[in-house]
There are 4 protein chains.
Amino acid sequence: MQPENRSGDQVRRSFIEEARRAQIVRAAIETIAEIGYAKASFAQIARRAGISPGLISYHFAKREELIMEVMFSVYGSMDRALSDRTEDAASCTEALRALIENFVRYCADHAVEMLAVARIAASGANDAAKARDWVDRGREEALTELEEMFREGQRAGEFREFSPRVMAVSVLAALEATPVELIARPDTDIDAYADELATMFELAVRRPGD
Amino acid sequence: MQPENRSGDQVRRSFIEEARRAQIVRAAIETIAEIGYAKASFAQIARRAGISPGLISYHFAKREELIMEVMFSVYGSMDRALSDRTEDAASCTEALRALIENFVRYCADHAVEMLAVARIAASGANDAAKARDWVDRGREEALTELEEMFREGQRAGEFREFSPRVMAVSVLAALEATPVELIARPDTDIDAYADELATMFELAVRRPGD
Amino acid sequence: MQPENRSGDQVRRSFIEEARRAQIVRAAIETIAEIGYAKASFAQIARRAGISPGLISYHFAKREELIMEVMFSVYGSMDRALSDRTEDAASCTEALRALIENFVRYCADHAVEMLAVARIAASGANDAAKARDWVDRGREEALTELEEMFREGQRAGEFREFSPRVMAVSVLAALEATPVELIARPDTDIDAYADELATMFELAVRRPGD
Amino acid sequence: MQPENRSGDQVRRSFIEEARRAQIVRAAIETIAEIGYAKASFAQIARRAGISPGLISYHFAKREELIMEVMFSVYGSMDRALSDRTEDAASCTEALRALIENFVRYCADHAVEMLAVARIAASGANDAAKARDWVDRGREEALTELEEMFREGQRAGEFREFSPRVMAVSVLAALEATPVELIARPDTDIDAYADELATMFELAVRRPGD
DNA sequence: TATGAATGAGAATTCATTCAT
DNA sequence: TATGAATGAATTCTCATTCAT
C-alpha cells in the first residue's frame, strides 16, 4: 500500500546501532503523536528516549532522515499486517470488507503510529516535505488499488455503477479518519466500528436489489 | 457549522485598514495553501502581498490573531453559503443530499481556503493552537448535528439502523477529503462528484428494500 | 539647580506650535510616570494626548528632543519655584530648612513630574542618554551648592565639622526619595514630612551642644 | 534585607553549566552597570562574555530568568555579608551604626553589582517587572525593619521622638546613594564615608542633650 | 498641520546541527 | 558511541520615523 522502499540505503549497521535507531524512531512517533509535529524538537524526542539530542543527529544525518524512518517503520509494519490478510477473498465485496475491517483493527492497535504519520504528512514543515511526498504517492497508489478493486467488482456485476475514484477517495477518507476517532473516543467498540464501516460501504457499492 | 463567533472584538477600523487586513488574510490563505503552514512565515506572506513583514505585525497584534482571522474569514463565508440552503428539505434523505451537494460545490469554489484551514488545523504549531481548538469544537458540533439528522431519519423510519456516530464521522471525512481531491484533479466534474457522494451515502443510510 | 539651558535652540515657534509641544510634553510626563519609560512609546503618549503618533515626530525631530523638553519643562518649573524662596535666609540652618521644606512641598504638588524625570534619568535607554547626562550635571551642581552651603555654615561656626560632600549626597538622596514615598503613601502629611526631614538634618549638622 | 528566595527552582545543573550561568550573570551585571539596562541586549552581554547570543537563551529560558538570577546573585551575596554582622549590637545606636558601616563597606566592594540592580529596578522594562516587584518588596521589608529599630530605640528612651518612617526612608535613600557616589568618586575614603554617614544619623536620632 | 499606514532596524527566542570531550 | 554545550540561521514582534494624503 506504500511506494517503493528506501532507494539505495544499503548501509550496513551494527545490531546496537539498529537498536538505537529503532528506539529513537519509537520516541519520535510517540512525541509527535502526543505534542504534535511542530513541537517535537530533537530535545523533546531525546528527552523521551532518555538520550541526548546530539545522539539523534549522530544516528540520523538530517531530521528528514529520521522522519522518513518513522514513515518506513509505520507503513512497513502496516503493509505487513494488511497484505497477508486481504489476499484470499472470494469476492470484491468480501475483499472490501476485509480491507476495512483489517485496517480498523490495525488502527485500534496502532493509533499512536497512525496519528504520528498523519501529523507528519499534514505538517507543512520543510523537514517533512519528503515524507509528505512519499505519503502522497502512497495514498495515490492506495487509491489506484481501490479503484481497481471497484472496477473489477463492477465488471463482475457485483457492484453497481458508480465513480470508482469518488468511492475510493471516500473509503480512504473514512479509513483515515479512524485513528483520530479512536483516540478521541477510546471506549469505542472496535469490532462494531469496523462492521459499521464495512456495512456502510457494502451498501454503497452493491447492486441495488441484491 | 462553526462555534460562537469572535467574542467581543468590536474594534472600529477604518476602511483602508479593513482592506489591508483582508488583503493580508487573503495572502496568508494562499501562502498556507501553497507552501504549507510551517513555511508560511510573515516574510513569505508579506512577499505575496507585496508589503513588508512588519506591516503584518502592524495590523495583527500576534500571529495567532492573523490565523484566527483566516479562520473567521473562511468559516464565516462557508457558514453563510451553506446555512441558507439546507433549511427547506422535505426529508432527511433530501437534507443529507443537499448538505453534501452544497458542501462539495462550496469546496469547488473555495478549495484554496478549505485547504488552508485544514493545514492550519493539522499543524501542531503553537500559534495555531487556538485555531485548532476552534476547528475541533466546530467539527464536534458538525458531527453532533449530523448524528442528530441520522437519528431523526431513523426515528422517522426513513433510515435503516446504523451507528449515527460512525456514519457522521465517515460523511464528514468524505466531505473534508473533497478539497484535496479537487485541487489534485482540477478537471473533476463538480456536479458529478457531488452527486456520486450524495448517492453513495443515500444508499448507505436508506432502509434496505426502499 | 540645573545646568545651562538648551544650547542654541532659538527657533521661532508659533503660538499654536508651542501649545502642541507643551501638550505633548505633558502627555509624555504623565505616560512615563504612569507606565514607565520603557513602555512609553510614541503610540502610548499620542493616545494619551489624543493625537496621532506621527504628530510627535512632526514637532520633535527625535525622541531625544522630546525627552529633553520634558527635562527643561520639569526642571525649569522647579528652579523657578525653588530659587525665589531660598534667598532670604538669615542663617545657613534656616537656608537648609527652607530648601528642604520648599523642595518637599514642591514634590507634593508635582510628584508626577518628579517621578517622570527620575524614571528618565534611571532608564538606560539610548534616547535618554542626553537627558541622563544633563541630570547628572544638574545633580553635581546641586551637590556643589549644598556643599558650599555646608562649608559656609562651618566657617560661620554654625555647623559642626563633617564632610560637606557626604552630607550633601545624603540630603539630596533624602530629597530625591520624597516623590516615590509621597506617591506610595498619598495620605502622608506633607508639612509634617517636610518638618521631620528638616529637623533631622538640622540635628545632623548643628554644633553639638547648640 | 530581601524577600523569600527563589521558590522551588531546584533544577539539577552540571558544574560546567553552573559555571556558564555564573559567567553570563557576571557579564550581565557588568554590562548593565556600564551601559544601562535598556542597552544591555543579549548581543552586548554575549559580546562581553565572549560567547554567542544564542547561548544565553540556551542557559536561561527567558530574559526575565537571567535578570532574576542577577537579583538573586547580588542580594544573596549581600544578605550573607550583612546578616552575620548586625546581630550582636548592644544598643539601637550601635545597631544603626553597624548597619550603615557594613552596608557602605559592602557597597565599596560591590559597587558594580549594586549599580546594576539599581538600574534594573529603575528600568520600566517588561522583562524587569518581576525583578522590580521583588526589589520593591525587599525595600519595603527593609523599611519596616528600620522603622522597627527606630521604634525600639524610642521605647528604650535611646532615641528622640521622630517619625520612624521618614527616618527609615531617609537612611535607606542615603545608603542607596552610596554606590553611585563611590563609582563617581573612586578615591573616596570608605571608612571615613561610612563613619560620616553613621555619625550623621546618630546625631539625627539621639535624644537631644545626650 | 495632522493623520495613520508603512518601513526597517533591532530585539529575544527556538532549534537542528556540530564538536570537543 | 554518547554527551550536552555551543553556534547560527530563522522567526515573530516592537517602534521610532517617514511619507503620501
Side-chain angles (χ1 to χ4, degrees), chain A residues 14 16-17 19-20 38-47 50-66 125-127, chain B residues 13-14 16-17 19-21 38-46 50-66 125-127, chain C residues 14 16-17 20 38-46 50-66 125-127, chain D residues 13-14 16-17 19-21 38-46 50-66 125-127:
Chain A
S14 70
I16 194 167
E17 178 161 9
R20 262 284 186 250
K39 275 179 285 194
S41 65
F42 274 18
Q44 288 291 332
I45 296 170
R47 174 205 303 273
I51 60 174
S52 77
L55 191 56
I56 301 181
S57 286
Y58 178 79
H59 284 288
F60 299 90
K62 296 272 155 200
R63 184 175 225 269
E64 193 185 71
E65 191 190 322
L66 168 59
N126 256 324
D127 306 313
Chain B
R13 275 190 260 269
S14 70
I16 191 164
E17 176 163 12
R20 261 287 185 248
R21 285 174 63 98
K39 274 181 291 190
S41 67
F42 276 15
Q44 289 293 330
I45 296 170
I51 59 176
S52 77
L55 189 56
I56 301 181
S57 288
Y58 177 79
H59 285 288
F60 298 90
K62 298 270 159 209
R63 182 175 229 270
E64 194 187 72
E65 191 190 321
L66 169 58
N126 258 327
D127 304 314
Chain C
S14 72
I16 193 166
E17 178 161 10
R20 263 284 187 250
K39 275 179 286 193
S41 65
F42 274 19
Q44 288 291 331
I45 296 170
I51 60 175
S52 77
L55 191 55
I56 302 181
S57 286
Y58 179 80
H59 285 289
F60 299 89
K62 296 271 155 203
R63 184 176 225 270
E64 193 186 71
E65 191 190 322
L66 168 58
N126 255 324
D127 307 311
Chain D
R13 275 191 259 268
S14 69
I16 192 165
E17 176 163 13
R20 259 291 184 247
R21 285 174 63 98
K39 272 182 292 192
S41 65
F42 276 14
Q44 289 293 329
I45 297 170
I51 58 176
S52 77
L55 189 56
I56 301 181
S57 287
Y58 177 79
H59 284 288
F60 299 90
K62 298 270 158 208
R63 183 174 229 272
E64 195 186 71
E65 191 190 320
L66 169 59
N126 258 328
D127 304 315

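Hydrogens, waters and symmetry mates play no part in the numbers below; they use all other heavy atoms, side chains included. Every chain is numbered from 1 and lettered A, B, ... according to where its sequence line falls, protein lines coming before strand lines.
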Nearest to the side chain of [X], heavy atoms from C-beta on, is which of [options]?
X       : options                : result
B:Tyr58 : E:dA5, E:dT14, E:dT18  : E:dA5
A:Lys62 : E:dC15, F:dG8, E:dT17  : E:dT17
A:Arg63 : E:dA16, E:dT18, F:dT17 : E:dA16
C:Ser41 : E:dA12, F:dC15, F:dC13 : F:dC15
A:His59 : E:dT18, F:dA16, F:dA2  : F:dA2

So, is [X] close to the [N] phosphate, meaning a side-chain N or O under 4.0 Å from OP1 or OP2?
X       : N     : result
D:Ser52 : F:dT7 : yes
C:Ser14 : E:dT1 : yes
C:Ser57 : E:dG4 : no
B:Arg20 : E:dG4 : no

Q) Should E:dT3 form a Watson-Crick or G-U wobble pair with both distances under 3.5 Å, which nucleotide is its partner? A)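 In the structure as shown, E:dT3 has F:dA20 as its Watson-Crick or wobble partner.
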Q) E:dA9 pairs with which nucleotide, Watson-Crick or G-U wobble, both distances below 3.5 Å? A)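 F:dT14 is the nucleotide pairing with E:dA9.
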Whole-Å distance between [N] [atom2] and [X] [atom1]?
X        : N      : atom1 : atom2 : value
B:Glu65  : F:dT12 : CD    : C1'   : 14 Å
D:Arg21  : F:dG4  : CZ    : P     : 16 Å
A:Leu55  : E:dA16 : CG    : P     : 15 Å
D:Ile51  : E:dC19 : CD1   : P     : 19 Å
A:Lys39  : F:dT11 : NZ    : P     : 19 Å
A:Asn126 : E:dA16 : CG    : C1'   : 12 Å
B:Arg13  : E:dA5  : CZ    : P     : 11 Å
A:Gln44  : F:dG4  : CD    : C1'   : 16 Å

Rounded to the nearest 0.5 Å, what separates atom [atom1] in [X] from atom [atom2] in [Y]?
X       : Y       : atom1 : atom2 : result
D:Ser52 : D:Ile56 : OG    : CD1   : 8.0 Å
C:Arg20 : C:Ser14 : CZ    : OG    : 11.0 Å
B:Ile51 : B:Tyr58 : CD1   : OH    : 12.5 Å

Q.
Please compare C:Glu17 and D:Asp127 by the position of their nearest nucleotide in DNA chain E and report the one closer to 5'.
A.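 The answer here is C:Glu17.
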Q: Would you kindly compare B:Ile16 and A:Ala38 by the position of their nearest DNA chain E nucleotide and give the one closer to the 5′ end?
A: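 Of the two residues, B:Ile16 wins.
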(Q) What's the gap between F:dT21 and E:dT1 when it is taken at their C1' atoms, as a whole Å value? (A)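 One C1' to the other, the span is 13 Å.
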(Q) Side chains of A:Lys62 and A:Asp127, heavy atoms from C-beta outward: is any pair under 4.5 Å? (A)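 A side-chain contact under 4.5 Å is absent here.
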Q.
Please check: side-chain N/O of B:Glu17 versus main-chain N/O of B:Arg13, any donor-acceptor pairing under 3.5 Å?
A.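 A pair under 3.5 Å: no.
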Q) Between B:Pro53 and B:Ala43, what is the shortest heavy-atom contact and its length? A)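 Closest heavy-atom pair between B:Pro53 and B:Ala43: CG-CA, 4.2 Å.
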Q: Give B:Ile56 one of three labels, base, sugar-phosphate or nothing, depending on what nucleic acid heavy atoms sit under 4.0 Å from its own.
A: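 No contact.
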(Q) By the 4.0 Å heavy-atom rule, please label B:Phe42 as base, sugar-phosphate, or nothing. (A)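 B:Phe42: backbone/sugar contact only, no base atoms under 4.0 Å.
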**Q.** Which residue lies more 5' along DNA chain F, comparing C:Ala43 with A:Pro53 via nearest heavy atoms
**A.**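 Final value for this comparison: A:Pro53.
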